[in-house]
Amino acid sequence: MDFSLATWNINSVRLRLDLVLRFLAEQGPDVLCLQETKCPNELFPEEAFRAAGYEHVALHGQKGYHGVAILSRHPFADIVRQEFCAIADARHLSARLDVNGRLIRVHNFYVPAGGDEPDPEINPKFRHKLDFLAELRGVSAEAEPGTPAILVGDLNVAPLEADVWSHKQLLKIVSHTPVETEALTLAQSEGAWRDLMRQAIPEPTKLYTWWSYRAKDWEAADRGRRLDHIWSSADIAADLTGIEVLKDARRWERPSDHVPVVARFNW
DNA sequence: ATGGTGGAAACTCCA
(Lines give C-alpha, C1' and ligand atoms only; values in the text may rest on other atoms or scores of the structure.)
Protein backbone atom coordinates (compact mmCIF):
# COMPACT_ATOMS: atom_id res chain seq x y z
CA MET A 1 0.00 0.00 0.00
CA ASP A 2 1.24 3.49 -0.83
CA PHE A 3 1.30 6.19 1.82
CA SER A 4 2.70 9.70 1.60
CA LEU A 5 3.20 12.48 4.09
CA ALA A 6 4.29 16.06 3.58
CA THR A 7 5.56 18.89 5.78
CA TRP A 8 5.47 22.60 4.99
CA ASN A 9 6.13 25.78 6.95
CA ILE A 10 3.43 27.89 5.29
CA ASN A 11 4.05 31.24 7.04
CA SER A 12 0.33 32.09 7.41
CA VAL A 13 -2.17 29.49 6.28
CA ARG A 14 -4.88 32.07 5.59
CA LEU A 15 -2.71 34.25 3.38
CA ARG A 16 -1.54 31.21 1.41
CA LEU A 17 -4.64 29.03 1.41
CA ASP A 18 -4.66 28.90 -2.39
CA LEU A 19 -1.05 27.69 -2.42
CA VAL A 20 -1.81 24.89 0.02
CA LEU A 21 -4.82 23.82 -2.04
CA ARG A 22 -2.69 23.85 -5.19
CA PHE A 23 -0.07 21.70 -3.48
CA LEU A 24 -2.70 19.22 -2.27
CA ALA A 25 -4.27 19.02 -5.72
CA GLU A 26 -0.93 18.47 -7.45
CA GLN A 27 0.70 16.11 -4.95
CA GLY A 28 -2.25 14.56 -3.12
CA PRO A 29 -0.34 13.40 -0.02
CA ASP A 30 -2.26 11.32 2.52
CA VAL A 31 -1.19 13.74 5.25
CA LEU A 32 0.09 17.32 5.31
CA CYS A 33 1.73 18.79 8.41
CA LEU A 34 1.78 22.60 8.45
CA GLN A 35 3.83 24.95 10.63
CA GLU A 36 3.60 28.69 11.24
CA THR A 37 -0.10 28.72 10.49
CA LYS A 38 -0.32 32.01 12.47
CA CYS A 39 -4.00 31.38 12.96
CA PRO A 40 -6.27 30.80 15.96
CA ASN A 41 -8.16 27.49 15.72
CA GLU A 42 -11.54 29.20 15.26
CA LEU A 43 -10.28 31.02 12.16
CA PHE A 44 -8.53 28.04 10.55
CA PRO A 45 -9.89 27.43 7.01
CA GLU A 46 -10.94 23.87 7.82
CA GLU A 47 -13.83 23.69 5.37
CA ALA A 48 -11.65 24.38 2.34
CA PHE A 49 -9.43 21.44 3.26
CA ARG A 50 -12.38 19.17 3.93
CA ALA A 51 -13.75 20.01 0.51
CA ALA A 52 -10.35 19.10 -0.97
CA GLY A 53 -10.54 15.61 0.55
CA TYR A 54 -8.75 16.25 3.84
CA GLU A 55 -11.65 15.47 6.11
CA HIS A 56 -9.59 15.12 9.27
CA VAL A 57 -8.02 18.27 10.65
CA ALA A 58 -6.10 18.54 13.92
CA LEU A 59 -5.19 22.00 15.13
CA HIS A 60 -2.90 23.65 17.63
CA GLY A 61 -2.99 27.32 16.79
CA GLN A 62 -2.60 30.68 18.46
CA LYS A 63 -3.08 34.28 17.42
CA GLY A 64 -0.34 35.83 15.33
CA TYR A 65 2.55 33.47 15.99
CA HIS A 66 3.62 29.84 15.55
CA GLY A 67 0.79 27.32 15.10
CA VAL A 68 0.81 23.77 13.72
CA ALA A 69 -1.85 21.70 11.97
CA ILE A 70 -2.28 18.21 10.54
CA LEU A 71 -4.54 17.66 7.51
CA SER A 72 -5.32 14.03 6.81
CA ARG A 73 -7.30 11.78 4.50
CA HIS A 74 -7.25 9.18 7.31
CA PRO A 75 -8.99 9.46 10.69
CA PHE A 76 -7.19 10.21 13.93
CA ALA A 77 -7.16 7.66 16.73
CA ASP A 78 -5.99 10.35 19.14
CA ILE A 79 -4.54 13.87 19.21
CA VAL A 80 -1.88 15.20 21.60
CA ARG A 81 -0.65 18.76 22.08
CA GLN A 82 2.52 18.79 24.13
CA GLU A 83 3.88 21.84 25.88
CA PHE A 84 7.65 22.36 25.75
CA CYS A 85 9.83 24.47 28.05
CA ALA A 86 6.71 25.16 30.15
CA ILE A 87 5.74 27.83 27.60
CA ALA A 88 2.26 27.74 26.12
CA ASP A 89 3.41 28.26 22.51
CA ALA A 90 1.65 26.26 19.77
CA ARG A 91 4.74 24.38 18.61
CA HIS A 92 3.75 20.72 18.77
CA LEU A 93 0.87 18.56 17.61
CA SER A 94 0.77 14.83 17.37
CA ALA A 95 -1.86 12.44 16.07
CA ARG A 96 -2.14 8.71 15.80
CA LEU A 97 -3.50 7.98 12.33
CA ASP A 98 -5.59 5.00 11.41
CA VAL A 99 -4.34 4.24 7.89
CA ASN A 100 -6.69 1.48 6.75
CA GLY A 101 -6.36 -0.29 10.08
CA ARG A 102 -2.66 0.40 10.59
CA LEU A 103 -1.84 2.88 13.34
CA ILE A 104 0.94 5.45 12.77
CA ARG A 105 2.08 8.16 15.19
CA VAL A 106 2.81 11.51 13.54
CA HIS A 107 4.57 14.33 15.40
CA ASN A 108 4.50 17.83 13.91
CA PHE A 109 7.00 20.37 15.36
CA TYR A 110 7.83 24.03 15.01
CA VAL A 111 11.10 24.51 16.88
CA PRO A 112 11.94 28.08 18.04
CA ALA A 113 14.06 29.97 15.50
CA GLY A 114 16.35 31.29 18.21
CA GLY A 115 16.92 34.93 17.26
CA ASP A 116 20.13 36.30 15.74
CA GLU A 117 22.70 36.05 18.52
CA PRO A 118 23.92 32.47 19.16
CA ASP A 119 24.74 33.03 22.82
CA PRO A 120 22.26 31.63 25.36
CA GLU A 121 23.70 33.93 28.06
CA ILE A 122 22.61 37.10 26.32
CA ASN A 123 19.85 35.90 24.00
CA PRO A 124 16.82 34.32 25.71
CA LYS A 125 15.44 33.16 22.35
CA PHE A 126 18.56 31.11 21.75
CA ARG A 127 18.35 29.74 25.30
CA HIS A 128 14.76 28.74 24.57
CA LYS A 129 15.79 26.99 21.35
CA LEU A 130 18.50 24.98 23.12
CA ASP A 131 16.12 24.07 25.92
CA PHE A 132 13.51 22.99 23.39
CA LEU A 133 16.02 20.80 21.55
CA ALA A 134 17.09 19.25 24.85
CA GLU A 135 13.47 18.44 25.66
CA LEU A 136 13.05 16.98 22.18
CA ARG A 137 15.42 14.21 23.27
CA GLY A 138 12.53 12.82 25.30
CA VAL A 139 10.38 12.25 22.19
CA SER A 140 11.08 8.68 21.13
CA ALA A 141 10.28 6.87 17.91
CA GLU A 142 9.77 3.78 20.07
CA ALA A 143 7.43 5.33 22.64
CA GLU A 144 4.53 3.14 21.53
CA PRO A 145 5.77 -0.38 20.84
CA GLY A 146 4.26 -1.78 17.68
CA THR A 147 3.22 1.67 16.42
CA PRO A 148 5.59 3.16 13.84
CA ALA A 149 6.28 6.88 14.20
CA ILE A 150 7.05 9.80 11.93
CA LEU A 151 8.38 13.14 13.17
CA VAL A 152 8.33 16.14 10.85
CA GLY A 153 8.48 19.87 10.95
CA ASP A 154 10.45 23.06 10.82
CA LEU A 155 13.19 22.13 13.26
CA ASN A 156 15.06 25.36 12.45
CA VAL A 157 18.42 23.58 12.42
CA ALA A 158 20.47 22.60 9.36
CA PRO A 159 22.58 19.84 10.92
CA LEU A 160 24.95 18.72 8.15
CA GLU A 161 27.54 20.53 6.06
CA ALA A 162 25.56 19.71 2.93
CA ASP A 163 22.43 21.22 4.54
CA VAL A 164 23.74 24.77 4.05
CA TRP A 165 25.18 26.76 1.16
CA SER A 166 28.40 27.43 3.07
CA HIS A 167 29.34 25.44 6.15
CA LYS A 168 32.22 27.77 7.04
CA GLN A 169 30.25 30.98 6.59
CA LEU A 170 27.33 29.73 8.67
CA LEU A 171 29.19 28.25 11.65
CA LYS A 172 28.29 31.30 13.76
CA ILE A 173 24.86 31.81 12.22
CA VAL A 174 21.87 30.60 14.19
CA SER A 175 20.53 27.34 12.65
CA HIS A 176 24.00 25.93 11.90
CA THR A 177 26.09 26.57 15.05
CA PRO A 178 27.76 23.46 16.50
CA VAL A 179 25.77 23.67 19.74
CA GLU A 180 22.51 23.47 17.77
CA THR A 181 23.54 20.83 15.25
CA GLU A 182 24.88 18.67 18.10
CA ALA A 183 21.65 19.13 20.08
CA LEU A 184 19.54 18.12 17.08
CA THR A 185 21.72 15.11 16.29
CA LEU A 186 21.48 14.02 19.91
CA ALA A 187 17.68 14.30 19.88
CA GLN A 188 17.63 12.24 16.70
CA SER A 189 19.88 9.48 18.04
CA GLU A 190 18.41 9.30 21.54
CA GLY A 191 14.91 9.11 20.12
CA ALA A 192 15.98 6.34 17.72
CA TRP A 193 14.89 8.42 14.73
CA ARG A 194 16.07 7.95 11.14
CA ASP A 195 16.68 10.99 8.92
CA LEU A 196 14.63 9.98 5.88
CA MET A 197 15.66 12.93 3.71
CA ARG A 198 19.31 11.94 4.04
CA GLN A 199 18.49 8.26 3.68
CA ALA A 200 17.02 9.04 0.24
CA ILE A 201 19.44 11.83 -0.74
CA PRO A 202 22.74 11.24 1.09
CA GLU A 203 25.57 13.67 1.62
CA PRO A 204 27.38 15.33 -0.01
CA THR A 205 24.40 16.30 -2.20
CA LYS A 206 23.24 19.75 -1.13
CA LEU A 207 19.67 19.80 0.14
CA TYR A 208 17.74 22.95 1.08
CA THR A 209 14.12 23.56 2.11
CA TRP A 210 14.32 27.28 2.89
CA TRP A 211 15.58 30.33 1.05
CA SER A 212 15.47 33.76 2.72
CA TYR A 213 13.03 36.44 1.58
CA ARG A 214 15.87 38.93 1.90
CA ALA A 215 17.90 37.86 -1.11
CA LYS A 216 17.62 39.99 -4.23
CA ASP A 217 17.42 36.87 -6.37
CA TRP A 218 17.01 33.88 -4.05
CA GLU A 219 17.32 31.34 -6.84
CA ALA A 220 20.47 32.80 -8.40
CA ALA A 221 22.12 33.24 -4.99
CA ASP A 222 20.88 29.80 -3.86
CA ARG A 223 21.86 30.47 -0.26
CA GLY A 224 19.52 27.85 1.14
CA ARG A 225 19.35 25.78 4.28
CA ARG A 226 17.68 22.46 5.18
CA LEU A 227 15.55 23.55 8.13
CA ASP A 228 12.63 21.17 7.53
CA HIS A 229 12.94 17.49 8.33
CA ILE A 230 11.24 14.12 8.06
CA TRP A 231 12.30 11.47 10.56
CA SER A 232 10.82 8.03 11.21
CA SER A 233 11.17 4.98 13.36
CA ALA A 234 13.49 2.29 11.98
CA ASP A 235 10.67 -0.12 11.11
CA ILE A 236 9.14 2.11 8.42
CA ALA A 237 12.41 3.72 7.30
CA ALA A 238 12.90 0.57 5.23
CA ASP A 239 9.56 1.25 3.49
CA LEU A 240 10.57 4.69 2.21
CA THR A 241 10.38 4.84 -1.59
CA GLY A 242 11.33 8.47 -2.10
CA ILE A 243 11.71 12.03 -0.87
CA GLU A 244 10.74 15.06 -2.91
CA VAL A 245 11.64 18.66 -2.05
CA LEU A 246 9.22 20.86 -4.01
CA LYS A 247 11.53 23.74 -4.81
CA ASP A 248 9.04 24.89 -7.45
CA ALA A 249 6.73 26.11 -4.66
CA ARG A 250 9.30 28.81 -3.84
CA ARG A 251 8.60 30.25 -7.32
CA TRP A 252 4.84 30.44 -6.82
CA GLU A 253 3.21 33.82 -6.38
CA ARG A 254 3.62 35.26 -2.85
CA PRO A 255 5.41 32.11 -1.65
CA SER A 256 6.37 30.89 1.78
CA ASP A 257 10.12 31.07 2.37
CA HIS A 258 9.98 27.29 3.04
CA VAL A 259 9.03 24.64 0.46
CA PRO A 260 7.08 21.41 1.03
CA VAL A 261 8.87 18.11 1.49
CA VAL A 262 7.07 14.86 0.64
CA ALA A 263 7.98 11.36 1.86
CA ARG A 264 6.51 8.36 0.07
CA PHE A 265 6.26 4.88 1.52
CA ASN A 266 5.19 1.48 0.30
CA TRP A 267 4.29 -1.13 2.86
C1' DA B 1 29.35 45.51 9.17
C1' DT B 2 24.92 46.03 7.75
C1' DG B 3 20.53 45.55 5.97
C1' DG B 4 17.92 43.28 3.15
C1' DT B 5 11.94 41.13 2.95
C1' DG B 6 7.70 39.38 4.68
C1' DG B 7 3.61 38.33 8.08
C1' DA B 8 0.56 39.56 11.98
C1' DA B 9 -1.36 43.06 14.01
C1' DA B 10 -1.38 47.30 15.50
C1' DC B 11 2.06 51.81 16.05
C1' DT B 12 6.27 46.53 17.07
C1' DC B 13 7.41 41.69 17.43
C1' DC B 14 9.04 37.89 15.02
C1' DA B 15 11.15 35.15 11.29
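In what follows, every chain begins at residue 1, and chains take the letters A, B, ... in the order their sequences are listed.
The main-chain N or O of P260(A) is never found under 3.5 Å from a side-chain atom of D228(A) such that the two would form a donor-acceptor pair. A donor-acceptor contact shorter than 3.5 Å is absent between the side chain of T209(A) and the backbone of R226(A).
Residues passing the side chain to side chain donor-acceptor pair (under 3.5 Å) test with R194(A): none are found, sequence neighbours excluded. Remark: H107(A) engages H92(A) in a ring-ring contact (aromatic ring centres under 6.0 Å, His included) (not counting sequence neighbours). Partners of H74(A) by ring-ring contact (aromatic ring centres under 6.0 Å, His included), not counting sequence neighbours: none found.
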Nucleotide by nucleotide, nucleotides 4-11 of chain B touches protein heavy atoms under 4.0 Å in the pattern (B base, S sugar-phosphate only, - none) BBSSSSS-
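For the P atoms, the distance from dA9(B) to dT5(B) is 23 Å, rounded to whole Å.
Salt-bridge check for E219(A) with R250(A): failed, with every basic side-chain N at 4.0 Å or more from each acidic carboxylate O. Comment: R127(A) engages D131(A) in a salt bridge, judged by a side-chain N to carboxylate O separation of less than 4.0 angstrom.
As a whole-Å value, the separation of I173(A) CD1 from dT2(B) P is 13 Å. A straight line from CG of D89(A) to P of dC14(B) spans 10 Å, rounded to a whole angstrom. Rounded to a whole Å, the CH2 atom of W210(A) is 14 Å from the C1' atom of dC14(B). The separation between F132(A) atom CZ and dA15(B) atom C1' is 16 Å, rounded to whole Å.
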For residues 147-159 of chain A, tabulate all N or O donor-acceptor pairs below 3.5 Å that involve a side-chain atom, not counting sequence neighbours.
{"unit_1": "D154(A)", "atom_1": "OD1", "unit_2": "N156(A)", "atom_2": "N", "d": "3.0"}
{"unit_1": "D154(A)", "atom_1": "OD2", "unit_2": "N9(A)", "atom_2": "ND2", "d": "2.9"}
{"unit_1": "N156(A)", "atom_1": "ND2", "unit_2": "V111(A)", "atom_2": "O", "d": "2.8"}

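Heavy atoms of K125(A) sit under 4.0 angstrom from primed sugar atoms or phosphate atoms, though from no base atom.
For the contact set between residues 223-230 of chain A and DNA chain B, defined by any heavy atom under 4.0 Å, there are no members.
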